[in-house]
Amino acid sequence: MAGKRKTNPAGSTNSSRGDVLRVLGALKVATTDQIQRIGAPHLTFRHADKETPAKQKQARTASHTGALSDMRKHGLSENGGSTETGDVLRNLTLKGLEAASYELQRPVTEMGSTARGAGSSGASHPMSVNETVIAMLRPKPNMAKLADDPPHIQAAAQAAVDTPPGIGTIASYFTEVPLPATGTWNAPGKGGAQADLVLTAPQDQVPLLFIEVDNCHETAEELAAKLEKYARFFRRKMKDTDGKERPMWRTRWTAPEGRYGDAPHPPVLLVFNHLGERNPQRTIPRLQELTRHLWEGERQRGGHHLYDRRIPIVAVGLRNLRERGPAGAVFARFGRDHPQPLLEAIGNPRRDAADAREQDEARARQAEYKAQVQRAAQEKAAAKAAEREARRPVCTGCGTKFTDERWEATQATDWDTPNDSQPALCDACKQRAVAPGRGHVGTQERRKPAPGGAERHDFQRAARRPVCTDCGATFTDERWKATERVGWGVNPEPRPSLCGDCDRRFVTDVQEPWSDGPPHQEQEQEQAVPAQKTGRWFSRRT
């Protein structure tokens, strides 16, 4: 403990010194009160029961006052004058800016100047800028750090937590940022502007916002001239690291690309703090007329506007911003007749609504088209099924329609040859027709179907199975094999067009009336004829 006191005699903690580095690194110059309200807002509620506001302020800023004292000892911070109310202004040294760059995770080249001497005239403008940051941030107290405090303090802090949130963190804000119309980022030339604040908070739907704070000392013409410099900067292009030409501001900041036909410039927020003699109620209407060519969009048939290469300019009073925050409907965009929340004011809600309607209509058309295609397919399938049913055969015996299996079995498969002996009858009528005693039934029809549906697998072979020319019965496998040709026109069977039963009946009928011997002798005599022809041809040669 003694070693820590020797290093930091004021007894500051790492947390309080980190608050100082982050706040002064972003704002450049601030009071201890502003540092505490941004870095440790819970202290505001812890010491709210002090007797006087002065004692409350002294108690809640004590830890950061000690941190600044220790940082001055280490050469990180210094006093920079005082405000008109007597508050001491604090700023960082070059060594302190380098330390703050680690806290803010920014390059040292983007930390800016030390703001030394800003308090020589009271620093009224930097104080208004700081109050604008606090109003935009709306810092919320950490309830875990108030767990041991009385219930009424916790209730007051919880009420602050329940208010609409702010935008970004202290690391989301940059002050005194040059916008060079000529020159470079590090060495801007003449004719450019310098933004009081630049806000980058894509996590809160504000990817890029430029903020100008006016204490009502400037005229409408002076403000219009500053906005002309903004427009000049936004129009400036330069080559990026990939060699492609882009707007200069896109080489430093990231923002979404504009939609087709609508690529506006980044928005500019004007914050009016009514300290000077100018009345913002008169300044703003005059400023709108002077800058109409910068912000006015083109009205579309859908009722919305396109702001291609236009600057969304929004105005708000610091008092309304402090009371209502970014979520309050206190932001007046030039060209619109009613105040809106910040996100709506810098955006294009009517265009979003129009796009949503178009997408809904496109989805509806697509769904209707799919439904029409489906209905057409169903109607076509139904018509095809009806046509097929109209062609379905009807049994000539009982008048019932064929089943799909029976219809397939009776279809002609080869040279209009039916694959069934009774193609005009259904299964039941066929079984009655081929029953014993009602007609000749071939061996093939009496054969039981092979188990497992083997006949279905032999469909290609059965499609060319011969049919008896006498009785019409299909050949058995054995008869078919016996009648197949084995050589060049050689057929072992004398009657290959007859089934086995008809062939045996034919032999019996022939042998009984006329034949003197067995059938094989007649076959041998018929086979001997080609040899006699060969002999006669040879005798002619000789």
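Keep in mind that what you see is a predicted model, and the values were worked out from it rather than measured. These values consider heavy atoms only, across backbone and side chains, with no hydrogens, waters or symmetry-generated copies.
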Would you kindly say whether Gln34 and His64 are connected by a side-chain donor-acceptor distance under 3.5 Å? no
Scan side-chain atoms only and decide if Lys57 and Thr32 contain a donor-acceptor pair under the 3.5 Å cut-off. no
Indicate yes or no for a side-chain donor-acceptor contact from Asn79 to the backbone of Gly81 under 3.5 Å, with no hydrogens or angles considered. no
Donor-acceptor contact below 3.5 Å, side chain His125 vs main chain Val213: yes
Do Thr31 and Asp87 meet the criterion of a side-chain donor-acceptor pair at a distance under 3.5 Å? no
So does Asp148 have more than 12 non-hydrogen atoms from other groups sitting under 6.0 Å from CG? no
Distance-only donor-acceptor check, side chains Thr85 and Thr83, under 3.5 Å: yes
Arg17 bridged to Glu103 by N-O distance under 4.0 Å: no
Any salt bridge between Glu289 and Arg292, counting N to O under 4.0 Å? yes
Salt bridge check, Arg37 against Glu131: does any charged N sit closer than 4.0 Å to a carboxylate O? yes
Inter-residue atom distance Phe334.CZ - Ile311.CD1, 0.5 Å rounding: 11.5 Å
Any carboxylate oxygen within less than 4.0 angstrom of a Lys/Arg side-chain nitrogen, looking at Glu344 and Arg333? no
Tell me whether Glu368 is salt-bridged to Arg375, with the criterion being a basic N under 4.0 Å from an acidic carboxylate O. yes
Reported CZ-to-OG distance for the pair Arg90 and Ser82, which is rounded to 0.5 angstrom: 11.0 Å
Do the side chain of Gln203 and the main chain of Gly168 share a donor and acceptor less than 3.5 angstrom apart? no
Just how far is it from atom NZ of Lys28 to atom CG of Asn91, taken to the nearest 0.5 Å? 11.0 Å
I'd like to know if Lys226 and Glu212 make a salt bridge, using a cut-off of under 4.0 Å between side-chain N and carboxylate O. yes
Ion pair Asp360/Arg363, N-O distance below 4.0 Å: yes
Counting N and O atoms only, with roles assigned by atom type, does the side chain of Ser69 sit under 3.5 Å from a partner on the main chain of Thr65, one being a donor and the other an acceptor? no
Does the separation of the ring centres of Phe210 and Trp253 fall below 6.0 angstrom? yes
Is it the case that atom CD in Gln205 sees more than 12 heavy atoms from other parts of the structure closer than 6.0 Å? no
Can you establish whether the number of heavy atoms outside Arg309 located under 6.0 Å from its atom CZ is more than 12? no
